[in-house]
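Data first, discussion second: the structure below is written as structure tokens.
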There are 2 protein chains.
Amino acid sequence: MPKTLGDQRHDKLISFLIEARSEAGITQVELAEKMKVYQSLIARLESGQRRVDVVELIKLGEVLGFDPAEIVKKIANMRG
Amino acid sequence: MPKTLGDQRHDKLISFLIEARSEAGITQVELAEKMKVYQSLIARLESGQRRVDVVELIKLGEVLGFDPAEIVKKIANMRG
DNA sequence: CAAGAATATCTAAATTTTAGATACCTGTTT
DNA sequence: AAACAGGTATCTAAAATTTAGATATTCTTG
């Protein structure tokens, strides 16, 4: 298992991303298409088996319509 | 070379991180110690050969004393 | 220019990520 | 209840990335 994983903040990030996709009303397959990756990758991402890099978070924000800085602010205030 | 690399936003992120360490007045070795990684890893990071994950950015903010949300906001407003 | 500090580069091993296939739900239709 | 469908999760092997550690290079500053 990757390293940053298991960190509370990573978990929070993940649940935020899942929520964001849900609110955007699109499926993993659709999100994958827009991000030009495979659905299995999105599944792994959302199940916390993969880290999210900063630029990727920004891209996800563009696709799903959320403000990446917002979520960073939220999770930054948690204890690791 | 990693994927997100070469992205303008990644480059901007990197230069911000370098600047932040410089302002914090610590060396790569010291930063590495605080982050519990090797100096070579910090060097790779700062030379843009490695992605920065979201939780890592937050930790860097804690160690170097910057607001991670701030930098995300800044670079999010650039074109990829 | 020498000495030391700081940063960069290299390599091989370890870890992680990926595509692609396939399996697993959870409804729904017949 | 069986067959189907849409959506998500899991598996595997290959590809890509990351890492530690060693070593080299590049500053500084006396």
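Convention: sequence-line order gives letters A, B, ...; per-chain numbering from 1.
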Please report the distance, rounded to the nearest Å, between [atom1] in [X] and [atom2] in [N].
{"X": "A:Ile42", "N": "D:dA9", "atom1": "CD1", "atom2": "P", "value": "11 Å"}
{"X": "A:Arg44", "N": "C:dT18", "atom1": "CZ", "atom2": "C1'", "value": "9 Å"}
{"X": "B:Leu45", "N": "D:dT18", "atom1": "CG", "atom2": "C1'", "value": "12 Å"}
{"X": "A:Leu41", "N": "D:dT8", "atom1": "CG", "atom2": "P", "value": "15 Å"}
{"X": "A:Arg50", "N": "C:dA19", "atom1": "CZ", "atom2": "P", "value": "9 Å"}
{"X": "A:Met35", "N": "C:dT17", "atom1": "CE", "atom2": "C1'", "value": "14 Å"}
{"X": "B:Ile14", "N": "C:dA8", "atom1": "CD1", "atom2": "P", "value": "12 Å"}
{"X": "B:Arg51", "N": "D:dT17", "atom1": "CZ", "atom2": "C1'", "value": "8 Å"}

- Message: Before you tell me yes or no, could you show the steps for B:Lys59 and A:Asp7 under side chain to side chain contact (heavy atoms under 4.5 Å, CB included), namely the whole-Å CA-CA distance, both residues' side-chain angles and the distance that decides it to 0.1 Å?
- Response: CA-CA 11 Å; B:Lys59 287 184 184 165; A:Asp7 185 300; 3.9 Å; yes

- Item | Close approaches to DNA chain C from residues 19-27 of chain B, in residue order (heavy atom, under 4.0 Å) |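 Hits under 4.0 Å, by residue number: B:Arg21, B:Thr27.
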
- Residue list, side-chain hydrogen bond (donor to acceptor under 3.5 Å, both in side chains) with A:Ser47, at least two apart or on another chain: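 A:Ser47 satisfies side-chain hydrogen bond (donor to acceptor under 3.5 Å, both in side chains) with A:Gln49 once adjacent residues are dropped.
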
- Item | B:Glu19: side-chain hydrogen bond (donor to acceptor under 3.5 Å, both in side chains) partners, not counting sequence neighbours |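 side-chain hydrogen bond (donor to acceptor under 3.5 Å, both in side chains) list for B:Glu19, sorted by chain: empty.
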
- Message: Can you build the contact string for nucleotides 22-30 of chain D? Use B for base contact, S for sugar-phosphate-only contact, and - for no protein heavy atom under 4.0 Å.
- Response: B--------

- Task: In sequence, state the C-alpha distance, the side-chain angles, and the governing distance for B:Phe66 and B:Leu57, and then conclude on side chain to side chain contact (heavy atoms under 4.5 Å, CB included).
- Result: CA-CA 10 Å; B:Phe66 65 81; B:Leu57 178 70; 4.1 Å; yes

The side chain of [X] lies closest to which of these nucleotides: [options]?
{"X": "B:Val37", "options": "D:dT18, C:dT17, D:dA20", "value": "D:dA20"}
{"X": "B:Gln28", "options": "C:dA19, C:dT7, C:dT17", "value": "C:dT7"}
{"X": "B:Ala43", "options": "C:dT9, D:dT10, D:dA20", "value": "C:dT9"}

- Task: Can you sort out the partners of B:Arg21 under side chain to side chain contact (heavy atoms under 4.5 Å, CB included), two or more places apart, ordered by chain and number?
- Result: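 Residues passing side chain to side chain contact (heavy atoms under 4.5 Å, CB included) with B:Arg21: B:Ile26, B:Gln28, B:Leu31, B:Glu46, B:Leu64.
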
- Task: Please report the closest heavy-atom contact between A:Gly48 and A:Ile14, naming both atoms and the distance.
- Result: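 Looks like CA-CG1, 4.3 Å.
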
- Could you give all pairs that pass the ring pair (Phe, Tyr, Trp, His ring centres under 6.0 Å) test and reach residues 41-60 of chain B, with sequence neighbours left out?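 Of all non-adjacent pairs touching residues 41-60 of chain B, none passes ring pair (Phe, Tyr, Trp, His ring centres under 6.0 Å).
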
- Message: Between A:Val52 and B:Asp53, does the side chain to side chain contact (heavy atoms under 4.5 Å, CB included) criterion hold? Intermediate values first, please.
- Response: CA-CA 5 Å; A:Val52 184; B:Asp53 98 62; 5.9 Å; no

- Query: Does a side-chain N-to-carboxylate-O contact under 4.0 Å join B:Glu56 and A:Arg9?
  - Reply: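 Judged by the 4.0 Å cut-off on N to carboxylate O distance, B:Glu56 and A:Arg9 do not form a salt bridge.
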
